Amino acid sequence: MAVNLSLYLVTDSTPAILKGRDLCNVVEESLKGGVTVVQYREKHSDTGVMIETAKKLHEITKAYNVPLIINDRVDVAVAVGAEGVHLGQDDMNVDDAKKLLPENAIIGVTVASVEEAKRAVEQGADYLGVGTMFATPTKKDTKSIIGTAGTKEILNALADLGRPVGTVSIGGINQSNVQRVIYQSQGIKKGLDGVAVVSAIISAEDPKAAASELSKRISTLPPFA
Ligand code: TZP
Ligand code: MG
């Protein structure tokens, strides 16, 4: 899988987060700022609306050569020809998703423990969303806040597996903590490949500037030891 996971945007259309703006405009601005993956995450729309929005987003992401990943809904990903899906622990499992998706589809899985991480890799996940890192108002129902300690534990276990898998940390990541989040994985065999954010970009007054600043902070970190 040749996906640049360094700055992974997850969308949210709830008014408190999107602040009444147009999701497609916000996503396009974020792409101009340097977002490397877009995940369309929609919990409240019906299937028809989701497909319509996903198609619009896909036209935009394709113009920037950035993969579009669909949260939860393998059917929507297939319908719009998205590059991949992101599955939680309560969603379709990776084996079943693979039966429905093209061979080169990107499959990501949310993991909050070493056991979940190992299982996802064994099933053939391409990347893992590791978290929740910090408590966040964006997703109040997170089962587990694993923090930097839990994240390190998972990263170490993954390095020992010897199977390549991408990792992004998610939950409460913003301009002020992004370098700390990535740097806490220093000293282990393989650090995080990037961070996933919702509100730090979607709620930002200027999403392009927010993405650009995050991207700068990520890329100016010294290389891992
Ligand atoms: N999964 C775990 S935390 C989260 C998701 C989708 C939301 C992260 O949102 P934010 O605004 O970046 O804290
Ligand atoms: Mg899910």
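Atoms within each ligand, like the ligands themselves, are counted from 1 in listed order. When a residue number appears, it is its place in the shown sequence, counting from 1. The shown structure was predicted, so the numbers you read here are calculated from the model rather than taken from an experiment.
Under 2.8 Å from the Mg ion (ligand 2) lies an N/O/S atom of D72, whether from backbone or side chain.
Counting only N and O atoms by type, the side chains of S13 and H44 include no donor and acceptor under 3.5 Å apart. For the residue pair H58/Y40, the side-chain donor-acceptor check at 3.5 Å is not satisfied.
Geometrically, ligand 1 and I170 share no nitrogen or oxygen pair separated by less than 3.5 Å. Annotation: S199 places an N or O atom under 3.5 Å from an N or O atom of ligand 1; distance criterion only. For the pair R41 and ligand 1, the shortest N or O to N or O distance does not fall below 3.5 Å.
Closest to atom 2 (C) of ligand 1, if we only count protein heavy atoms, is T132 OG1, 3.4 Å. Residue, atom and distance of the protein heavy atom nearest to atom 1 (N) of ligand 1 are K139 CD, 3.5 Å. Counting protein heavy atoms only, atom 13 (O) of ligand 1 is closest to T136 OG1, 2.6 Å.
Judged by the shortest distance from any of its heavy atoms, V10 lies outside the 4.0 Å radius around the atoms of ligand 1. For the pair A200 and ligand 1, no heavy-atom separation below 4.0 Å is found.
Proximity of V198 to ligand 1, defined as any heavy-atom pair under 4.0 Å, is shared by backbone and side chain alike.
Salt bridge present: D75 and R73 bring a charged side-chain N and a carboxylate O closer than 4.0 Å. Under 4.0 Å is where a charged nitrogen must lie from a carboxylate oxygen, and between R119 and E115 at least one such pair does. Checked for salt-bridge contact, E122 and K118 miss the test: no charged N lies under 4.0 Å from a carboxylate O. Salt-bridge formation is detected for the pair K99/D96: a Lys NZ or Arg NE/NH1/NH2 atom is positioned less than 4.0 Å from an Asp or Glu carboxylate oxygen. Salt bridge present: D160 and K189 bring a charged side-chain N and a carboxylate O closer than 4.0 Å. A salt bridge is defined here as a Lys NZ or Arg NE, NH1 or NH2 lying under 4.0 Å from an Asp or Glu carboxylate O, and E59 with K56 fails to meet this definition.
Every atom of ligand 1 with a heavy atom of G172 under 4.0 Å away is listed here by number and element: 10 (P), 13 (O). Ligand-side atoms of ligand 1 in range of T138: 9 (O), 10 (P), 11 (O), 13 (O), range being under 4.0 angstrom from any heavy atom. Close contacts of ligand 1 with V197, meaning ligand atoms under 4.0 Å from a residue heavy atom, involve 12 (O).
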### Message
The test is side chain to side chain donor-acceptor pair (under 3.5 Å); show your working for K43 and N71 and say whether it passes.
### Response
CA-CA 9 Å; K43 300 288 183 187; N71 183 272; 3.2 Å; yes

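The Mg ion (ligand 2) is closest to atom OD2 of D91 (considering only N, O or S atoms).
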